[in-house]
Undergrad: 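This is the structure I have questions about; it appears just below.
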Amino acid sequence: MPDTSRTAISIQALKKKYKQVEALRGVDLQIPTGEFFGLLGPNGAGKTTLIKSIVGLVRATSGTLRVFDYDVQRDYLKAKAMIGLSPQEPNIDRYFTVRRTLEFQGGYYGLSRKERRRRATELMEQFGIADKENDEYWKLSGGLQKRVLIARALLTSPKILILDEPTAGVDVEQRHELWHHLKNLNKDGTTILLTTHYIDEAEELCNRVAIMNRGQIVEMGEPKTLIRKYCQEQTKVYPGSLEEVFLKVTGKSIHEDQSLKNGKD
Amino acid sequence: MEKINFRGFLTLVEREYYRFFRLAVQTIFPPIITTLLFILIFGYSLGEKIQTINNLPYILYILPGLAAMGVISNSFSNSSTSLFMARMDRSIENILAAPLSHLQIVGSFVIGGVTRGLVVGLTTLIVAKVMTPLTFSSLLGTLLSLVLISVTFSSLGIIAALWSEDWDHLATFTNFVITPFLYLGGVFYSITMLPPFWQKVSYFNPIWYLVDDFRRQVLGIGDLPAWQSQLVLWALALSTFLMAVRLFQKGWKLIH
Ligand SMILES: Nc1ncnc2c1ncn2[C@@H]1O[C@H](COP(=O)(O)OP(=O)(O)OP(=O)(O)O)[C@@H](O)[C@H]1O
Ligand SMILES: [Mg+2]
């Protein structure tokens, strides 16, 4: 259960301008401790930019960003120590094996040698990659690579887990296994921030979601509430879905997508 | 008092060493071979036809320069390759997202480069000591000079790796900056052998001061007053290192 008295991530009036692109145009967001929060939005909406500013890989143009009361610019060491990140694009040493990848991560965050080894073994087992421990990361299949990225984010038992499209390119079975895993982590108190293009995933997992479009949060709330708000004609047969909300809020329709596809032919 | 993430720093250093020891054979044997070849060519054949410099046989005169040359190119290539690879596979982003200070990150790259430089420099000197009547003027001074030269070029390697957008850029930096300065840096000659114009030009070559200091520490002779080359050596090591840290703090080419 989210603890609304303590804020895990607090973002105020955050703006980010790359050379030409205004990627974030004033984002306000409070994520309480223990919440499972989903960030939705079409390609280029600014989800990754927002996440990268939280971990200090993007420097915001203006606004404030705090992680458990630590300013991510001023108290950057303390803020970063709280977070485990599984990035959208892999960022793993080319010649590292799976085990080395995990153990070094523990080292960067100050875990003892013994603790690193124990956690690495534990997580490889949990994620079904124990038999790959001596394989080089870059030689694994895409789905396994994703698992390594997530396991690495979890290695340091972070208070805040940030997952940027953890299930992109992952098969259905693995996806459901990951969902199960994430639910348990969240139950045990880990705050989770997740981005995904699978709206059903967000509906299944998240306490709250924000829908971003062109650098702004255009709608935010509990999936159920949003569905009630946007899907008027809900009946027992057709209860409405978060996907429908998403399309309405971002000004797209399934029909439009269809015509886009036709146009390409 | 804030707790410093010392384990994190050691892990960064371990990461450098891991990369480096995979290349151990490529690091230790080339300087041995080069040194032996130079001793063969300049010691036994050509050397006798070239005048002595400061009353020293030519081969003895160039040996420190040879060692410095190996130190310079190896410490530079070690840190530049390591950081550039980390930019290519994005592993540098993972390190930047971890609770590690910029000083720690830059420090680890520099320690990697210094270690590689020391291995090459000492290997050269040991081979030279075994094969020729080389004696050291100041062992401690020699070591300190080796370390400072490596710090300078490891830091430059970091700056070059940040500046470069692809491998060709990095090669350009080596071919057009490091190599010419190195060959015109008094490795193979004393400045007194140059025409007056080129003597003046040498004063603008930072590498010349480094080689001169190193030669003085090893052989006890040099072209410049000791304090001048010392001053330049310290100034270069400090300024390049601080510059590399500063660029990381600013996130130049690292943070958007
Ligand atoms: N380093 C960069 N330099 C310039 N523009 C950038 C950079 N990174 C992102 N952008 C731009 O910022 C905008 C937001 O990109 P971002 O990656 O945050 O979107 P996203 O919501 O994560 O998209 P996706 O769902 O495709 O991952 C896009 O227009 C993108 O082109
Ligand atoms: Mg993204």
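Per chain, numbering begins at 1; letters A, B, ... match sequence-line order. Just so you know, these numbers come straight off a predicted model, no measurement behind them.
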Undergrad: Looking only at atom types and distance, does a side-chain atom of A:R116 sit under 3.5 Å from a main-chain N or O of A:L111, one as donor and one as acceptor?
TA: yes
Undergrad: Mind telling me whether B:Y17 and B:F20 have parallel, tilted or perpendicular rings, with 30° and 60° as the class edges?
TA: tilted
Undergrad: Angle class for the B:F6/B:F9 ring planes (parallel below 30°, perpendicular above 60°, tilted otherwise)?
TA: tilted
Undergrad: Under 4.5 Å heavy-atom distance to chain B, tell me which part of A:Q105 shows up: side chain, backbone, both or neither.
TA: side chain
Undergrad: Using only non-hydrogen atoms and a strict under-4.5 angstrom cutoff, which residues of residues 140-170 of chain B touch chain A?
TA: none
Undergrad: Heavy-atom distances under 4.5 Å only: say whether A:P87 touches chain B with side chain, backbone, both or neither.
TA: neither
Undergrad: Could you tell me whether the side chain of A:Y108 reaches within less than 4.5 Å of the side chain of A:T156, counting heavy atoms only?
TA: no
Undergrad: Is it the case that over 12 heavy atoms from other parts of the model lie below 6.0 angstrom from the CE atom of B:M243?
TA: no
Undergrad: Listed by residue number, which members of residues 99-118 of chain B have a heavy atom under 4.5 Å from any heavy atom of chain A?
TA: B:P99, B:L100, B:S101, B:H102
Undergrad: Nearest 0.5 angstrom please: B:I207 CD1 to B:I178 CD1, how far?
TA: 6.0 Å
Undergrad: List the atom of A:P42, the atom of A:N213, and the distance in Å for their closest heavy-atom pair.
TA: CG-OD1, 3.5 Å
Undergrad: Using non-hydrogen atoms and a limit below 4.5 Å, what part of residues 44-56 of chain A faces chain B?
TA: A:K52, A:V55, A:G56
Undergrad: Using the six-membered ring of B:Y18, assess whether NZ or CZ of A:R100 lies under 6.0 Å from its centre and within 45 degrees of the ring axis.
TA: yes
Undergrad: Could you tell me which portion of B:A98 (side chain, backbone, both or neither) has an atom closer than 4.5 angstrom to a non-hydrogen atom of chain A?
TA: both
Undergrad: Given that the side chain runs from C-beta out, which part of A:I92 has a heavy atom under 4.5 Å from chain B: side chain, backbone, both or neither?
TA: backbone
Undergrad: Relative to chain B, which segment of A:K19 carries a heavy atom at a distance below 4.5 Å: side chain, backbone, both, or neither?
TA: neither
Undergrad: Using the salt bridge (Lys or Arg N to Asp or Glu O under 4.0 Å) rule, take A:R74 and A:D71 through it: C-alpha gap first, then chi angles, then the decisive distance, then the call.
TA: CA-CA 5 Å; A:R74 245 180 310 117; A:D71 186 283; 3.8 Å; yes
Undergrad: Find the one option among A:R59, A:R94, A:K16 whose heavy-atom pairs under 4.5 Å with chain B are most numerous.
TA: A:R59
Undergrad: Mind checking side chain to side chain donor-acceptor pair (under 3.5 Å) for A:T195 and listing every partner two or more places apart, or none if nothing turns up?
TA: A:D164
Undergrad: Is the shortest side-chain N to carboxylate O distance from A:E115 to B:R7 below 4.0 Å?
TA: no
Undergrad: Is it the side chain or the backbone of B:N94 that comes within 4.5 Å of chain A heavy atoms, both, or neither?
TA: both
Undergrad: Who among B:I95, B:L10, B:L96, B:T11 has the most heavy-atom pairs with chain A under 4.5 Å?
TA: B:T11
Undergrad: Assess whether salt bridge (Lys or Arg N to Asp or Glu O under 4.0 Å) is satisfied between A:R147 and A:E177, documenting all intermediate values.
TA: CA-CA 11 Å; A:R147 277 194 254 172; A:E177 237 170 67; 5.2 Å; no
Undergrad: Would you mind checking which part of A:Y18 comes under 4.5 Å of any heavy atom in chain B, side chain (CB onward), backbone (N, CA, C, O), both or neither?
TA: side chain
Undergrad: Is it the case that atom OH in A:Y198 sees more than 12 heavy atoms from other parts of the structure closer than 6.0 Å?
TA: yes
Undergrad: What part of B:M88 is in contact with chain A, defined as an atom under 4.5 angstrom from a non-hydrogen atom: side chain, backbone, both or neither?
TA: neither
Undergrad: Please classify the contact between A:Y95 and chain B as side chain, backbone, both or neither, with a heavy-atom cut-off of under 4.5 Å.
TA: both
Undergrad: Distance check, rounded to the nearest 0.5 Å: A:S86 atom OG versus A:L163 atom CG?
TA: 5.5 Å
Undergrad: About how many Å separate CZ of A:F96 and CD of A:E103, when rounded to the nearest 0.5 Å?
TA: 10.5 Å
Undergrad: Taking the side chain from A:N91 and the backbone from B:E93, do they hold a donor-acceptor pair closer than 3.5 Å?
TA: no
Undergrad: Measure the spacing between CD of B:E16 and CG of B:L83 and express it to the nearest 0.5 Å.
TA: 8.5 Å
Undergrad: Supply the atom-to-atom distance A:Y109 OH to A:K80 NZ, rounded to the nearest 0.5 angstrom.
TA: 8.5 Å
